[in-house]
Protein chains: 2
Amino acid sequence: MSKPYVLGVDIGGTNTVFGIVDARGHVIASDSIKTRKHANFDDYVAELHDGVERLLNANDAEDKIQGIGMGAPNGNYYTGEILNPPNLPWGPVIPLAEKVSKAFGGIPVAITNDANAAALGEMTYGAARGMKDFIMITLGTGVGSGIVVNGQLVYGHDGFAGELGHVIVKRNNGRVCGCGRTGCLEAYCSATGVARTAREFLEIRTEPSALRDLQIEDITSKDVYDAAVAGDKLAKEIFEYTGTILGQAMADMVAFSSPQAIILFGGLAKSGELLMRPLKEAFDKSLLPIFKERMPKIILSELKESDAAVLGASALGWEAKYHYEAPGGAIAPVED
Amino acid sequence: MSKPYVLGVDIGGTNTVFGIVDARGHVIASDSIKTRKHANFDDYVAELHDGVERLLNANDAEDKIQGIGMGAPNGNYYTGEILNPPNLPWGPVIPLAEKVSKAFGGIPVAITNDANAAALGEMTYGAARGMKDFIMITLGTGVGSGIVVNGQLVYGHDGFAGELGHVIVKRNNGRVCGCGRTGCLEAYCSATGVARTAREFLEIRTEPSALRDLQIEDITSKDVYDAAVAGDKLAKEIFEYTGTILGQAMADMVAFSSPQAIILFGGLAKSGELLMRPLKEAFDKSLLPIFKERMPKIILSELKESDAAVLGASALGWEAKYHYEAPGGAIAPVED
């Protein structure tokens, strides 16, 4: 018989958040540990295990976990490994699913990257319930994406599909991106991208702006947002610039999979009309006419931001049985 | 019991080609009619029916057709209709599947656009047999695409997914495209795109070229190819330019669905190293590093060009029973 809960684990560059989640998407309880405390990955898994055990004990949930779903940067659904993680102290290859399943006595574990987990969370518990075709864009420090086609997450032949933060939006003289190339969407439309735009605009232009009162190297997307809300013209133009690039890029995404909706998630997505007006204008203008017959919706995530990472990861826990099993302690991908 | 043959029908702007195909992908016999002869769509269907009947009679195949698969520009898999066909004399909405199924006494009919049909043909009979994730790019008068994810063709929420000929490759000062926008891949990397590049290069530059002996408005991609093969430096640069743009665009496609292979089809794809060398160089250089672990292959279609359109359309005929049925003459989409 299936058990009533899953465990969702989100491995971020700073914190690892984990929570017990029920089938309706309620986070029963959650806690966190510091991701970077242990240079040795086994020590990290041991601390994660201790923390989870405490949480399970406190909530009378010890034998009630159906599966563990985990979201991690560069987490690979097929192999259960994290490959060349950009912000984690271990690597280059981390056998995450195997180690965690072993530590938890063989509970099935499935992993994917954080943006894919967000898409699964939205489909299972959020704004994409009932949708078979949608794209999730996460606007955080970077830009991530999870793509759902025909009701299934798109993993691609190697498990790494859905890197829409790294489509090229400026072919010539584009900004250097963290991936080592230039001109990526992420270099413009992430929180750090907005801060970079602010620095560029302040250097190139001469008009007054409240942003000039700040140390230019310390400006954040939050500073730009606050200034724009207060009416600062330059700050508004920074959002105009960001939204336009994102809306144009999103029109190209529609040419690929013709989704019913594109769902935005993350701090920057909550900038309201400052971002959404130029974004929607550019999207409408850039969309191939045939897609206007049944216009894709642009909507915001319905998941509470504090719960979303855990919820998204947990959604994968329900199907974890199909992918990792541990008969006699051996962990192996299983065909479904 | 299932029947041994399907009928494949490819509706092109000039000719409608149809053929009887067996389960191994052999075209038993084929014929064609002129697409634009009849201003009235019913008359066109009647002539198609007559032509097919003659072919079936001559090949003792009258009661042996399992289903009819049809490829047509803007053909919609979900609705069975052609919507706003760019090069056909009927419209704006053509109820293709319904009319054809009725004309053929209720044989199930499934339709899609021509590039999707090509992808299905490649998956059923060609270079993509056994692949679950690949992208088909057709380089003809225009640029079309068919995307397969998880072994299924990507139709999107409205049936119009896979318009990769209309992703934007030049954001600023791009060429006007037939779709009414500017900067589309199709405006650069189709046969007509190559001819446009030739005209641009000849106007902007001053160096000698065999292409200058031709009437500039009449230059075709074939002329450019012939000149390049003969060693003409400017003609070679035109292919360099075309291949580079296509390779860069293909790297962005990988960021979406991480396919095992991208398969090229159509006249321009047969330009050999003239196109493939710059294309592969640009692709390798532009690809996000994580995808280089299991590098997507760039390969040519294995289908004979004369058969490919019919074969591709026919592949859809095998599954047509799942989508259109005609109990009592009524045609309705059926859930599978």
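Worth knowing before you read on, the calculation uses all heavy atoms, side chains too, and leaves out hydrogens, waters and symmetry mates. Residue numbering restarts at 1 for every chain, and letters A, B, ... go by the order of the sequence lines.
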Hey, could you give me the [atom1]/[atom2] distance between [X] and [Y], rounded to the nearest 0.5 Å?
X	Y	atom1	atom2	answer
I290(B)	L83(A)	CD1	CG	5.5 Å
Y155(A)	D133(B)	OH	CG	12.5 Å
L288(A)	H166(B)	CG	NE2	5.5 Å

Less than 4.5 Å to any heavy atom of chain B: does that hold for the side chain of [X], its backbone, both, or neither?
X	answer
Q260(A)	both
L153(A)	backbone
M253(A)	both
V149(A)	side chain
N84(A)	side chain

Based on non-hydrogen pairs under 4.5 Å, which of A261(B), G159(B), A161(B) is most in contact with chain A?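 So the answer, after comparing A261(B), G159(B), A161(B), is A161(B).
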
Considering only heavy atoms, which portion of L287(B) lies under 4.5 Å from any heavy atom of chain A: side chain, backbone, both, or neither?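 For L287(B), backbone heavy atoms alone lie under 4.5 Å from chain A.
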
One pair to check against side chain to side chain contact (heavy atoms under 4.5 Å, CB included): F134(B) and H157(A). What are the steps and the verdict? CA-CA 8 Å; F134(B) 72 95; H157(A) 86 113; over 6 Å; no

At their closest point, which heavy atom of F256(B) faces which heavy atom of L164(A), and how far apart are they? CD1-CD2, 3.4 Å

Chain A contact residues among residues 168-187 of chain B, heavy-atom distance under 4.5 Å: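 At a heavy-atom separation under 4.5 Å, chain A is reached by I168(B), V169(B), R171(B), C179(B), R181(B).
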
For each of I135(A), V154(A), D158(A), tally heavy-atom pairs with chain B at distances under 4.5 Å, and name the one with the top tally.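 Of the candidates given, the most pairs with chain B belong to D158(A).
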
Please collect all side-chain hydrogen bond (donor to acceptor under 3.5 Å, both in side chains) contacts where either partner lies in residues 284-296 of chain A, sequence neighbours excluded, each pair once.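 Checked against side-chain hydrogen bond (donor to acceptor under 3.5 Å, both in side chains) - neighbours excluded - no pair reaches residues 284-296 of chain A.
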
